[in-house]
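What follows is one structure encoded as structure tokens, with my remarks underneath.
A note on names: the letters A, B, ... follow the listed sequences, proteins ahead of strands, and every chain is numbered from 1.
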Amino acid sequence: MVLMDEKFLKPYNPQETEQRIYKLWEESGLFNPDNLKNTDKGAFTIIMPPTNANGSLHAGHGLVMSIEDIMVRYKRMQGFKTLWLPGLDHAGFETQVVYEKKLEKEGRTRFGMDRKELYKEILDFTMMNSSNIRSQIKAMGASCDWSREKFTLDITPTVYKTFQRMYDDNLIYRGNRIVSWCSKHQTSFSDLEIKDEEKIESLYYLKYGPFTIATSRPETKFGDKYVVMHPDDKRYSEYKHGDKIELEWINGPTTATVIKDDAIDMEFGTGVMTITPWHDNADFEIAERHKLDKEQVIDEQGKLLPIAGEFAGQHIKKARPLIIEKLQQKGLVEKIEENYKHVVRTCYKCGTIIEPQIKSQWFIKMKPLAEKALGKIHSEEIKYIPEHYKKITIHWLENIMDWNISRQIVWGIPIPAKICTQCKHGMADIENKITKCSSCGGEVVQDNDTFDTWFSSGQWPFATLGYPDNEDYKTFYPTDVMETAGEIIFFWVSRMIMLGLYITGKVPFKTVYLHGLVLDAKGQKMSKSKGNVINPLDLTAKYGTDAFRIGMVVGNTPGTSLALAEDRIKGYGKFSNKIWNATRFVLEQTKDFKIPEMPSYDEEDKKSDEELKNLIQEITKEMDEYKFYIVAEKLYHYFWHTFADIIIERSKKKILENRNADSAKALLFTQLTTLLKTLHPFMPFVTEEIWSMLPENPTSQSSDGASKNLLMIEKWPS
RNA sequence: GCGCGGUUAGCUCAGUUGGUAGAGCAACCCGUUUACACCGGGAAGGUCGCAGGUUCGAGUCCUGCACCGCGCACCA
């Protein structure tokens with residue numbers, strides 16, 4: 001009846017197929033849920049984690065696109081009004097770092113550049129690169145609704161309203177507090193942008209009047225004038241809180257004051273320490289408790305200030321040995337303990353040692369927000385896959401610290417606030433109307449800082465859907481699944497929950513699905529410096545996108561990292577071709593055969609028919625449980641080792657001997673079409689391409705009632 | 001220090017109310033049978049990290065330990 005397509009005479013050619021098929025899908029308009037018919041099962045929504053507009057697709061993205069597209073295609077075929085909303089990320093600090101490197105190469109630097117000019121340069125740079133990432137997402141076969149695409153800078157109005165509301169609710173405050181400062185990037189960070197690194201350095205025991213104090217950072221000690229010990233420490237019971245002691249210190253005589261505080265660990269060192277409140281979190285807390293003076297010793301560039309006397313202007317790194325030398329000359333070094341292992345906090349981006357500094361910044365009070373989130377997590381309104389992330393989240397939320405959302409960088413959403421030049425009071429001002437300080441009446445200036453990028457992306461789900469009035473918000477919020485990397489569970493996922501709850505009163509998503517890291521074939525983290533970065537597009541070009549997608553999913557349980565070996569993908573490239581060739585055989589055998597609507601099978605074919613039906617039941621359940629790793633494996637196995645190896649082989653004999661040939665032919669066709677449907681979410685290109693070449697078939701039952709339609713909207717078999 | 005994972009075939013990993021272990025890749029043997037050599041058939045391969053406990057029965061539950069990885073924490 002139908003002549004076989006000549007294409008089948010050659011092996012499956014993904015390069016020739018994929019772009020054409022993607023275009024077909026896009027032109028159908030069916031990525032847009034508004035165009036889906038018979039969506040009787042309600043809405044299903046996934047908001048895509050916004051992709052860095054500057055980046056190019058890496059292996060992790062490849063996994064995101066594969067998993068999310070599988071979920072989305074599955075739900076669409078089941079008759080859900082399915083929305084997958086794509087987005088691009090301006091990626092604040094990340095992008096600024098990339099751009100700074102570019103400037104560096106050109107012999108320029110951002111410092112001293114006009115802010116507006118720099119912003120515009122980065123914006124142009126970002127916009128120019130964004131079309132690249134967009135086409136790469138398409139190359140992965142992502143069936144997201146491009147008509148609803150959002151950019152993280154688009155949601156600025158929402159972010160501003162949130163800022164104002166939190167300010168009015170006293171959840172945001174301007175605080176002169178100790179923050180983590182990177183002297184290379186010249187910005188403060190939240191606690192999450194800090195990476196702890198174990199280092200082996202020296203611990204110096206210094207004579208401080210009658211005491212011996214231990215320190216790993218002698219360069220901070222110039223201004224130390226408080227000596228702290230535990231109130232219960234009998235060794236120092238002769239000293240009373242508030243006692244003054246004259247002593248000789250690095251640059252001459254000084255007066256020290258005795259402070260008793262139970263934050264002191266009597267076991268450590270000598271049980272006595274001096275404090276540097278400006279440059280140490282713990283010391284800051286002690287100073288706050290006792291209302292002690294705080295003085296800056298190190299400037300924002302990491303250089304010593306005039307308080308360091310002859311060392312002023314020197315970088316701390318160079319100054320340390322010189323300071324020790326001087327202390328030794330003065331006989332103030334009691335001993336030096338080498339090989340002292342301790343943890344140093346560093347910038348997660350450049351590894352520069354973080355210098356705590358006291359700065360006036362915007363902070364969010366997290367406790368009240370965290371409590372609400374904990375309630376929803378405990379009541380199971382948010383489900384975690386894998387489940388242990390729930391524990392991790394609860395632990396974090398229960399110990400949460402206030403969040404510094406100010407960043408001293410240009411690339412980001414400017415903070416809509418005024419700062420008093422006199423009393424440093426900060427005021428939210430989204431309408432740009434405030435002209436004097438509401439606290440002291442003093443002059444105000446615009447805050448020059450930008451928001452931590454996670455403050456805005458934390459509002460992504462409700463902001464992209466147009467909270468509060470947009471129809472999309474009403475239809476698609478709360479969203480169903482948030483699928484992203486386990487790595488950003490605190491940065492992003494937990495904050496989305498807190499901010500989403502705060503603004504909308506509802507959880508932003510019902511299920512959190514977290515995938516693990518994609519590692520190289522040897523199980524090592526990919527990095528440019530190691531040169532082991534695998535570009536997913538190289539693999540898709542070689543073996544086809546379908547091969548890449550199913551290869552990323554088979555056996556890859558949520559949360560665990562995946563070692564991406566090329567052989568893995570290669571194997572599924574063969575599988576694409578296997579499907580292709582099996583189809584050729586089925587079409588050859590059934591070309592003159594009318595497929596009956598209710599086939600009558602012989603005994604063994606009937607068994608096979610039932611076996612597949614059982615398989616469909618199993619995998620449908622597993623799809624609903626997000627066990628794609630097992631569904632993909634089962635489909636692969638059934639197609640290859642049951643359908644191809646057993647059913648096809650069996651049919652050859654039957655057809656040749658003309659024994660129950662009709663039963664065999666009907667089974668071949670039915671199984672093939674059923675398998676194409678179930679494989680489609682995993683391998684959309686090859687299945688759609690084959691589908692388009694099949695004759696009209698009675699099993700076709702698209703969700704909009706047409707007799708033959710795109711496979712992407714065929715009904716998921718049951 | 002606290003917390004979270006992991007430890008199963010050479011490699012990468014599955015194993016869902018406890019019932020004497022599975023897949024893919026690699027390696028081995030045989031086979032070019034007209035959908036496919038991007039193939040087919042066959043065989044091999046594991047004291048399930050260690051030690052106890054619960055049980056008729058434990059990879060699966062409990063306790064302890066070891067090693068690997070990660071997260072959190074203000075130990076100078």
Side-chain angles (χ1 to χ4, degrees), chain A residues 4 8-9 11-12 178 191-192 194-196 203-206 213-218 220-221 224 228 263-277 280-286 340 342-343 345 356 386 388-396 398-401 486-487 489-490 516-517 519 521-523 525 543-544 547 551 554-557 559-589 618 621-622 625 627 629-630 632-634 636-637 640-641 644-645 648-649 651-653 656 668 672:
Chain A
M4 201 166 45
F8 276 122
L9 301 178
Y12 173 59
I178 194 151
D191 307 280
L192 292 178
I194 306 308
K195 201 172 147 47
D196 285 353
L203 185 65
Y204 306 93
Y205 287 79
L206 307 178
I213 58 159
T215 181
S216 59
R217 302 200 60 198
T220 65
K221 299 275 128 193
D224 287 11
V228 191
I264 298 296
D265 179 358
M266 290 186 268
E267 310 285 308
F268 188 90
T270 57
V272 185
M273 69 175 193
T274 62
I275 57 167
T276 314
D280 186 285
N281 290 297
D283 295 2
F284 178 83
E285 297 293 330
I286 293 170
Y340 171 63
H342 69 147
V343 170
R345 317 180 78 210
H388 75 261
Y389 275 106
K390 180 175 160 179
K391 283 192 225 168
I392 296 174
T393 301
I394 288 172
H395 186 257
W396 185 72
E398 283 175 343
N399 298 287
I400 200 154
M401 287 179 280
E487 272 186 307
I489 182 157
F490 306 141
L517 252 41
L519 308 170
K522 289 178 196 152
K525 205 167 172 170
Y543 307 109
V554 171
N556 183 15
T557 43
T560 52
S561 51
L562 170 80
L564 177 55
E566 185 162 340
D567 272 353
R568 191 188 177 93
I569 307 304
K570 193 174 162 188
Y572 294 103
K574 291 184 190 176
F575 183 47
S576 301
N577 199 48
K578 187 77 182 179
I579 299 171
W580 187 256
N581 284 315
T583 304
R584 180 200 304 175
F585 177 80
V586 173
L587 291 186
E588 268 172 5
Q589 300 306 320
E618 270 174 46
K621 183 164 172 277
E622 283 155 352
E625 291 166 351
K627 293 177 178 168
Y629 61 99
I630 195 118
E633 191 183 320
K634 280 183 179 173
Y636 172 88
H637 208 261
W640 202 308
H641 299 298
D645 289 350
I648 286 186
E649 291 307 317
S651 76
K652 286 180 185 171
K653 277 189 198 157
L656 206 67
L668 286 179
L672 176 68

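- Side-chain atoms of A:Lys578 come within donor-acceptor range of the base of B:rC36, with a qualifying N/O pair under 3.5 Å.
- Distance noted for atom C1' between B:rA44 and B:rU7: 25 Å (whole Å).
- Using atom P as the reference point in both B:rG24 and B:rC75, the two lie 50 Å apart (nearest Å).
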Residues A:Tyr543, A:Tyr572; criterion side-chain contact (heavy atoms from CB on, under 4.5 Å); working and verdict: CA-CA 8 Å; A:Tyr543 307 109; A:Tyr572 294 103; over 6 Å; no
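- For the pair A:Lys570 NZ and B:rC38 P, the computed distance is 10 Å after rounding to whole Å.
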Atom pairs under 3.5 Å, N or O on each side, protein against nucleotides 25-29 of chain B: can you list them with distances?
none

Trace of the side-chain contact (heavy atoms from CB on, under 4.5 Å) decision for A:Gln589 with A:Ile648: CA-CA 10 Å; A:Gln589 300 306 320; A:Ile648 286 186; over 6 Å; no
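- Where A:His388 and A:Lys634 meet RNA chain B, the nucleotide closest to each residue was compared, and A:His388 sits on the side nearer the 5' end.
- To the nearest 0.5 angstrom, A:Ile178 atom CD1 is 8.0 Å from A:Asp283 atom CG.
- Rounded to an integer number of Å, the gap from A:Glu649 CD to B:rU34 C1' is 11 Å.
- The separation of B:rA14 from B:rC72, taken at their P atoms, amounts to 24 Å, rounded to a whole angstrom.
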Stepwise side-chain contact (heavy atoms from CB on, under 4.5 Å) test for A:Leu192 and A:Trp396: CA-CA 11 Å; A:Leu192 292 178; A:Trp396 185 72; 4.1 Å; yes
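- Ring-plane geometry between A:His641 and A:Tyr636 is classed as perpendicular, the angle between the planes exceeding 60 degrees on a 0 to 90 degree scale with a lower cut at 30.
- Going from atom NE2 of A:His637 over to atom P of B:rG15 covers 17 Å, rounded to whole Å.
- Both the sub-6.0 Å distance and the 45° axial angle are satisfied by A:Lys652 relative to the ring of A:Phe585.
- Atom-to-atom, NZ of A:Lys621 to C1' of B:rU17 comes out at 11 Å; the value is rounded to the nearest Å.
- When the C1' atom of B:rC38 is taken as reference, atom CH2 of A:Trp580 falls 14 Å away, rounded to whole Å.
- The same atom, C1', is picked in B:rG19 and in B:rC30; the two are 37 Å apart, to the nearest Å.
- Heavy atoms of A:Ile648 sit under 4.0 angstrom from at least one base atom.
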A:Lys390 vs A:Thr393, side-chain contact (heavy atoms from CB on, under 4.5 Å): CA-CA, chis, key distance, verdict: CA-CA 5 Å; A:Lys390 180 175 160 179; A:Thr393 301; 5.8 Å; no
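- Qualifying ring-ring contact (aromatic ring centres under 6.0 Å, His included) partners for A:Tyr340, counting only residues two or more places apart in sequence or in other chains: A:His342.
- Distances from the side chain of A:Tyr629 to the nucleotides B:rA35, B:rC36, B:rA14 place B:rA14 closest.
- Position along RNA chain B of the nearest nucleotide to A:Tyr572 versus A:Pro11 favours A:Tyr572 as the more 5'-ward residue.
- Between A:Lys652 and B:rU34, a side-chain N or O to OP1/OP2 separation shorter than 4.0 Å is absent.
- Within the model, atoms CG of A:Leu519 and NZ of A:Lys522 stand 13.0 Å from one another, a figure rounded to the nearest 0.5 Å.
- Under a 3.5 Å cut-off, the side chain of A:Asn399 and the backbone N or O of A:His395 do form a donor-acceptor pair.
- Regarding contacts with the backbone of B:rG41, every side-chain N or O of A:His641 stays at 4.0 angstrom or more from both OP1 and OP2.
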Review item, nucleotides 10-13 of chain B N/O atoms under 3.5 Å of protein N/O:
residue, atom, partner, partner atom, Å
B:rC13, O2', A:Gly555, O, 3.1

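- Evaluation of atom-type donor-acceptor distances gives a pair under 3.5 Å for the side chain of A:Lys627 against the base of B:rU16.
- Comparing the same atom, C1', in B:rG10 and in B:rA73 gives a spacing of 41 Å after rounding to whole Å.
- A donor-acceptor pair under 3.5 Å links the side-chain atoms of A:Asn577 to the main chain of A:Tyr12, judged by distance alone.
- Using a 4.0 Å heavy-atom distance criterion, A:Glu622 is classed as making no nucleic acid contact.
- In this structure a side-chain-to-backbone donor-acceptor pair under 3.5 Å is missing from A:Asp280 to A:Thr276.
- Residue-level contact check: A:Ala565 touches neither bases nor backbone, having no heavy atom under 4.0 Å from any strand.
- A donor-acceptor contact shorter than 3.5 Å is absent between the side chain of A:Arg345 and the backbone of A:Ile194.
- Note: A:Lys634 NZ to A:Lys627 NZ = 9.0 Å, rounded to the nearest 0.5 Å.
- Taking atom C1' in both B:rG15 and B:rA21, one finds a spacing of 8 Å when rounded to whole Å.
- Comparing B:rC61 with B:rU16, their P atoms are spaced 9 Å from each other, to the whole Å.
- Separating the CG atom in A:Leu206 from the CG atom in A:Asp224 is a distance of 10.0 Å, to the nearest 0.5 Å.
- Counting to the nearest Å, the C1' atom of B:rC39 and the OH atom of A:Tyr12 are 20 Å from each other.
- Not a single salt bridge (charged side-chain N to carboxylate O under 4.0 Å, His left out) links A:Glu633 to another residue, sequence neighbours left out.
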Nucleotides 69-76 of chain B: protein proximity per nucleotide (B base, S sugar-phosphate only, - neither; heavy atom, under 4.0 Å): --S-BBBB
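- At whole-Å resolution of the value, CD1 in A:Ile630 and P in B:rG24 are 13 Å apart.
- The P atoms of B:rU47 and B:rG22 are separated by 15 Å, rounded to the nearest whole Å.
- Pairs of Watson-Crick or G-U wobble type, with distances under 3.5 Å, assemble into runs of 3 or more in RNA chain B at these ranges: B:1-7 with B:66-72, B:10-13 with B:22-25, B:28-31 with B:39-42, B:49-53 with B:61-65.
- Between the P atom of B:rC38 and the CH2 atom of A:Trp640 lies a distance of 11 Å, rounded to the nearest Å.
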